[in-house]
**Student:** 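Starting off with a structure, shown below.
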Amino acid sequence: QVQLVESGGGLVQPGESLRLSCGSSGSTFEYYAIGWFRQAPGKEREGVSCVRSIDGSTYYADSVKGRFTILRDNVQNKAYLQMNSLKSEDTAVYYCATGYTGHGGSCLDKSDYRFWGQGTQVAVSA
């Protein structure tokens, strides 16, 4: 079993930045894709960004391209989501996930992940 813990959320103003962190207790961290997802009140959980383990390919939702950057550190068993130029519509609970079971293509499908963190709240408001 893998345990994930997110941190770094908070309340910021539009245009500001946040860096989310995801720590893993598992020894197999480096073998799986890592995904960041978010869920706003009343909405479905959606894929934000992910990074594959095989070749380090990264994927981003259209809504965050050019603003968010995903990073992974396989030595520290951590992943990060650098979020710049935040907008009010980025307000959500952000989750990291691993234990990817998908094959090929984008790794942004939440149904392909087995292990999830508890989430960290991000609020963007003036």
Side-chain angles (χ1 to χ4, degrees):
Q1 188 74 9
V2 175
Q3 291 187 328
L4 301 172
V5 178
E6 303 95 336
S7 61
L11 172 63
V12 297
Q13 296 187 343
E16 293 187 337
S17 298
L18 277 176
R19 192 185 202 199
L20 305 184
S21 298
C22 173
S24 170
S25 64
S27 61
T28 58
F29 180 85
E30 64 185 292
Y31 300 119
Y32 290 113
I34 303 295
W36 283 98
F37 296 80
R38 67 185 180 186
Q39 188 166 17
K43 294 188 176 182
E44 292 286 323
R45 190 171 299 188
E46 64 174 356
V48 176
S49 181
C50 60
V51 54
R52 289 190 169 276
S53 60
I54 294 177
D55 57 6
S57 298
T58 57
Y59 298 85
Y60 297 92
D62 289 341
S63 59
V64 307
K65 281 181 182 177
R67 300 188 298 122
F68 290 12
T69 303
I70 189 170
L71 302 164
R72 68 184 299 163
D73 183 340
N74 291 336
V75 175
Q76 298 291 329
N77 280 5
K78 286 190 175 181
Y80 304 93
L81 186 67
Q82 177 66 43
M83 306 187 296
N84 299 329
S85 303
L86 283 161
K87 305 176 181 180
S88 58
E89 51 262 45
D90 295 318
T91 295
V93 178
Y94 283 71
Y95 301 87
C96 66
T98 190
Y100 182 68
T101 60
H103 302 283
S106 167
C107 46
L108 285 174
D109 188 341
K110 61 181 181 293
S111 65
D112 288 331
Y113 290 85
R114 291 184 292 157
F115 307 118
W116 293 81
Q118 83 289 347
T120 184
Q121 176 71 55
V122 171
V124 185
S125 176

**Student:** Under the 3.5 angstrom rule, does the side chain of Glu46 hit a backbone N or O of Phe37 as a donor-acceptor pair?
**Tutor:**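 Here the side-chain-to-backbone pair does not exist.
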**Student:** Can you hop from Tyr32 to Trp116 via hydrophobic side chains spaced under 4.5 Å?
**Tutor:** no
**Student:** So does Asp55 pair up with Arg52, basic N to acidic O under 4.0 Å?
**Tutor:** no
**Student:** Counting only N and O atoms by type, is there a donor-acceptor contact under 3.5 Å from the side chain of Ser25 to the main-chain atoms of Gln3?
**Tutor:** yes
**Student:** Could you tell me whether the side chain of Thr91 and the main chain of Val124 form a donor-acceptor pair under 3.5 Å?
**Tutor:** yes
**Student:** Indicate every side-chain donor-acceptor pair of residues 13-23 with a distance under 3.5 Å to a residue at least two apart or in another chain.
**Tutor:**
| from | atom 1 | to | atom 2 | distance (Å) |
| --- | --- | --- | --- | --- |
| Glu16 | OE1 | Gln13 | N | 3.0 |
| Ser17 | OG | Asn84 | OD1 | 2.9 |

**Student:** Of Leu71, Thr69, Thr58, which meets side chain to side chain contact (heavy atoms under 4.5 Å, CB included) against Val51?
**Tutor:** Thr58
**Student:** Among the clusters formed by ILVMFWY side chains lying less than 4.5 Å apart, do Ile70 and Val64 turn up in the same one?
**Tutor:**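 Ile70 clusters together with Val64.
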**Student:** Could you check if a side-chain atom of Ser63 sits within less than 4.5 angstrom of a side-chain atom of Arg38, using non-hydrogen atoms only?
**Tutor:** yes
**Student:** Looking at Asp90 and Tyr94, what are the two nearest heavy atoms and their distance?
**Tutor:**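 Looking at all heavy atoms of both residues, the closest pair is O-OH, 2.6 Å.
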**Student:** Flag yes if Trp36 and Val122 sit in one hydrophobic cluster, no otherwise; membership is Ile, Leu, Val, Met, Phe, Trp, Tyr, and two members link when side-chain heavy atoms are under 4.5 Å apart.
**Tutor:** yes
**Student:** Do the rings of Tyr100 and Tyr113 sit parallel, tilted or perpendicular, given the 30° and 60° boundaries?
**Tutor:** tilted
**Student:** Which residues pass the side-chain contact (heavy atoms from CB on, under 4.5 Å) test with Ser88, sequence neighbours left out?
**Tutor:** none
**Student:** Does Gln39 reach the side chain of Glu44, with side-chain heavy atoms less than 4.5 Å apart?
**Tutor:**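 Gln39 vs Glu44: side chains apart.
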**Student:** Do you know the tightest heavy-atom contact between Ala92 and Ala40?
**Tutor:** CB-N, 3.8 Å
**Student:** Would you say Tyr95 and Glu6 make side-chain contact, with heavy atoms under 4.5 Å?
**Tutor:** yes
**Student:** For a side-chain hydrogen bond (donor to acceptor under 3.5 Å, both in side chains) check, start with the C-alpha distance between Tyr60 and Arg67, then their side-chain angles and the critical distance, and finish with the verdict.
**Tutor:** CA-CA 10 Å; Tyr60 297 92; Arg67 300 188 298 122; over 6 Å; no
